[in-house]
There are 2 protein chains.
Amino acid sequence: MALRHAVLAALLDGEYSGYQLAKAFDIGVANFWHALPQQLYAELAKLEKEGLLSGRQVLQEGRPNKRLFRVTEAGRAELEAFAETVAKPSFIRDDLMVKVQAADLIGTAAVIAQLEERAEVSKGKVEFLTELLRTLRGGAEEDEYLRHGERIGPYLTCLRGVAFEQETRDWCLRIAAVLRARQENRAEHA
Amino acid sequence: MALRHAVLAALLDGEYSGYQLAKAFDIGVANFWHALPQQLYAELAKLEKEGLLSGRQVLQEGRPNKRLFRVTEAGRAELEAFAETVAKPSFIRDDLMVKVQAADLIGTAAVIAQLEERAEVSKGKVEFLTELLRTLRGGAEEDEYLRHGERIGPYLTCLRGVAFEQETRDWCLRIAAVLRARQENRAEHA
DNA sequence: TCTGACTAGTCACTTTCTTGAGTATGATGC
DNA sequence: GCATCATACTCAAGAAAGTGACTAGTCAGA
């Protein structure tokens, strides 16, 4: 049971449909939790059945109807209890790093290309998240916002997201350069 | 199919038993792939059956016998093919960040304590990994090692691990301070 | 002498995740 | 005019991962 808490935490900020929640997971929540839309729909249904969320149907014209969910008092209590439990260590899985681990014993050309591609993606995310941070804090300075803003949770996780993506970008570029240099070096000595 | 490649990449550095592999996963591989011993044993068996690994029994005295595995030519080819496929985006899950996301709508005392605890853990990892890096590069300077070292894959992923843990530590301490300040602020105005 | 940690695994069960497809409507772009 | 994208989901099957318990001998320390 783990996704449930990520969903509850994401829904604290308002009423969302499964579809909107999936978007939110792509944008902000992705900084600390990865999940596919199908999982979210399933989890929402389960949480509603358990009374941690309440859903209501919203009829729409010109587009499909939707169900909006909000966290119930029981849901909030569940999160509260979760916050007290010991946190598991953070969990990472990254294909690209597996490839880098193997790098000198397999061909590196493809890996270099992928590192540079990932660096580009991360750069895009940094820009996007930086903009998102600006939006979240409104006109305020960061320090001011962190001291007196009402809802800083999403801002804080987003800060971490920016740092992570920045790190990713730097690392990818550095490693790509290292591998490229070795490739050239080998070519010279061949 | 994903753990298999992490296992193959980890085994490139020599012959390991399942038990040793589990250790390796705790130390270096944990920087990019998380897996439990039971999964590893199961995966080793599967990979052997498919011919990507070959295992041999080693009889021991004073302790249980063990099976050592090495990557076969087919295994290397599999990794080679894997390196060419597009890498999935990195996959993160972190309980602690879920708690921070919810932070201002639930009690923060426990979260602050956990942030500080995690910061300590990360500090320990930074120290450990920094030492590991020193060992890996022998007496050489980093630049020199990266240019001419024979096997730099594990070093490169380890570099990333250090950066990640350092980042984690900084973030945890900063967020803990922010949350603490808000707590005190509220107490004053109450 | 007993406890607990280390080595070296195995087995069974359950939950979770991923993959891939299907449904339906409206708007937007070429 | 057709294709594709956006909204808004649902379903099923299969692969992967996680949980917990169990075996069994050795060695070090209280």
Side-chain angles (χ1 to χ4, degrees), chain A residues 1-7 15-27 29-30 33-50 53 55-69 85-95 98, chain B residues 1-8 11 15-27 29-30 32-50 53 55-69 82 85-95 98:
Chain A
M1 305 298 182
L3 172 58
R4 60 195 306 106
H5 299 119
V7 168
E15 258 186 326
Y16 288 75
S17 67
Y19 191 80
Q20 289 173 304
L21 185 62
K23 298 269 151 165
F25 262 69
D26 266 356
I27 296 170
V29 182
W33 207 276
H34 157 90
L36 299 169
Q38 293 96 316
Q39 283 174 265
L40 297 177
Y41 284 115
E43 198 64 38
L44 285 170
K46 226 194 297 180
L47 287 168
E48 192 187 9
K49 218 171 80 183
E50 293 176 37
L53 294 180
R56 66 187 176 93
Q57 182 85 11
V58 174
L59 304 173
Q60 296 187 114
E61 279 169 41
R63 59 184 55 184
N65 298 331
K66 62 181 172 182
R67 304 205 66 216
L68 293 182
F69 295 91
T85 66
V86 283
K88 293 188 191 152
S90 71
F91 179 116
I92 298 199
R93 279 182 187 164
D94 193 333
D95 272 8
V98 172
Chain B
M1 305 297 183
L3 172 57
R4 61 193 309 105
H5 299 119
V7 169
L8 288 170
L11 280 174
E15 256 186 327
Y16 288 74
S17 67
Y19 190 80
Q20 289 172 304
L21 185 62
K23 299 268 154 167
F25 262 69
D26 266 355
I27 296 171
V29 182
F32 57 91
W33 206 276
H34 158 89
L36 300 169
Q38 294 96 315
Q39 284 174 261
L40 297 177
Y41 284 114
E43 198 65 38
L44 286 171
K46 227 194 297 179
L47 287 168
E48 192 188 9
K49 217 171 79 185
E50 292 176 37
L53 294 180
R56 65 187 179 94
Q57 184 85 10
V58 174
L59 303 172
Q60 297 187 114
E61 279 168 41
R63 58 185 54 184
N65 298 332
K66 59 182 174 182
R67 305 206 66 215
L68 293 182
F69 296 91
F82 169 65
T85 66
V86 282
K88 293 188 190 150
S90 71
F91 179 116
I92 298 197
R93 278 184 186 167
D94 192 334
D95 272 9
V98 172

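Labels below follow one simple rule: chain letters A, B, ... track the order of the sequence lines, proteins then strands, and each chain is numbered from 1.
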*Asks:* To the nearest 0.5 angstrom, please state how far the CG atom of B:L47 sits from the CG atom of B:L11.
*Replies:*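 The distance works out to 8.5 Å.
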*Asks:* Side-chain N or O of B:H34 less than 4.0 angstrom from OP1 or OP2 on D:dA17?
*Replies:*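 No, outside the criterion.
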*Asks:* Between atom CZ in B:R63 and atom P in C:dG9, what is the gap in whole Å?
*Replies:*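 In whole Å, C:dG9 P and B:R63 CZ are 12 Å from each other.
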*Asks:* Rounded to whole angstrom units, what separation is found between the CG atom of B:L21 and the P atom of C:dT7?
*Replies:*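 After rounding, the reported distance stands at 14 Å.
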*Asks:* So, taking the atom named NZ in B:K46 and the one named CG in B:L53, what distance separates them when rounded to the nearest 0.5 Å?
*Replies:*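 The NZ atom of B:K46 sits 12.0 Å away from the CG atom of B:L53.
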*Asks:* Can you measure from NZ (A:K88) to CG (B:D94) and round to the nearest 0.5 angstrom?
*Replies:*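 Answer for the NZ-CG pair, A:K88 versus B:D94, is 11.5 Å.
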*Asks:* Has A:R93 got a side-chain N or O lying under 4.0 Å from the OP1 or OP2 atom of D:dA17?
*Replies:*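 So the side-chain polar atoms of A:R93 do come within 4.0 Å of the phosphate oxygens OP1 or OP2 of D:dA17, strictly under.
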*Asks:* D:dT26 C1' sits how many Å from B:E61 CD, rounded?
*Replies:*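 Rounded to whole Å, this separation is 13 Å.
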*Asks:* Out of C:dT19, D:dA17, D:dG18, which has the shortest distance to the side chain of A:L36?
*Replies:*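 Nearest nucleotide to the side chain: C:dT19.
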*Asks:* Anything under 30° is parallel, anything over 60° is perpendicular, the rest tilted; go ahead and classify B:F91 against A:H34.
*Replies:*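 Correct class here is tilted.
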*Asks:* Between the protein and nucleotides 22-24 of chain C, list every N/O to N/O distance that falls short of 3.5 Å.
*Replies:*
none

*Asks:* Provide, to the nearest angstrom, the distance between the NE2 atom belonging to B:H5 and the P atom belonging to D:dA16.
*Replies:*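 Taking NE2 of B:H5 and P of D:dA16, I get 10 Å after rounding.
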*Asks:* From CD of A:Q60 over to P of C:dG26, roughly how many Å is that when rounded to an integer?
*Replies:*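 After rounding, the reported distance stands at 13 Å.
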*Asks:* Between B:K23 and A:A35, just flag the one whose closest nucleotide in DNA chain C comes earlier from the 5' side.
*Replies:*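 Upstream on the strand: B:K23.
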*Asks:* Take the protein atom CG of A:L3 and the nucleotide atom P of D:dG18, then report the distance between them rounded to whole Å.
*Replies:*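 In whole Å, D:dG18 P and A:L3 CG are 14 Å from each other.
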*Asks:* Taking atom NZ of A:K23 and atom CG of A:L21, what is their separation to the nearest 0.5 Å?
*Replies:*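 Answer rounded to 0.5 Å: 12.0 Å.
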*Asks:* Which residue in the set A:V58, A:L68, A:N65 passes side-chain contact (heavy atoms from CB on, under 4.5 Å) when paired with A:S17?
*Replies:*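 The passing option is A:L68.
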*Asks:* NA contact type, A:Q39, heavy-atom cut-off 4.0 Å: base, sugar-phosphate, or nothing?
*Replies:*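 Here A:Q39 touches the bases of the nucleic acid.
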*Asks:* How long is the gap from CG on A:L3 to CG on A:L44, to the nearest 0.5 Å?
*Replies:*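 Answer rounded to 0.5 Å: 8.5 Å.
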*Asks:* Starting at CG of A:D95 and ending at P of D:dA16, how long is that distance when rounded to a whole Å?
*Replies:*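 In whole Å, D:dA16 P and A:D95 CG are 13 Å from each other.
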*Asks:* Please produce a list of atom pairs where a protein N or O lies less than 3.5 Å from an N or O of nucleotides 9-12 of chain D.
*Replies:*
from: D:dC9; atom 1: OP1; to: A:R67; atom 2: N; distance (Å): 3.0
from: D:dC9; atom 1: OP2; to: A:S17; atom 2: OG; distance (Å): 3.2
from: D:dC9; atom 1: OP2; to: A:G18; atom 2: N; distance (Å): 3.4
from: D:dC9; atom 1: O5'; to: A:Y41; atom 2: OH; distance (Å): 3.2

*Asks:* Over all heavy atoms of both residues, which pair between A:G55 and A:F69 is shortest? Give the atoms and the distance, please.
*Replies:*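 Scanning both residues completely, I find the closest heavy atoms to be CA-CD2, 3.7 Å.
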*Asks:* Atom CG of B:D26 to atom P of C:dA5: distance rounded to whole Å?
*Replies:*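 So the CG-P distance, B:D26 to C:dA5, works out to 16 Å.
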*Asks:* In Å and rounded to the nearest 0.5 Å, what is the CD to CD distance from A:E43 to A:E48?
*Replies:*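 With rounding to 0.5 Å, CD (A:E43) is 12.5 Å from CD (A:E48).
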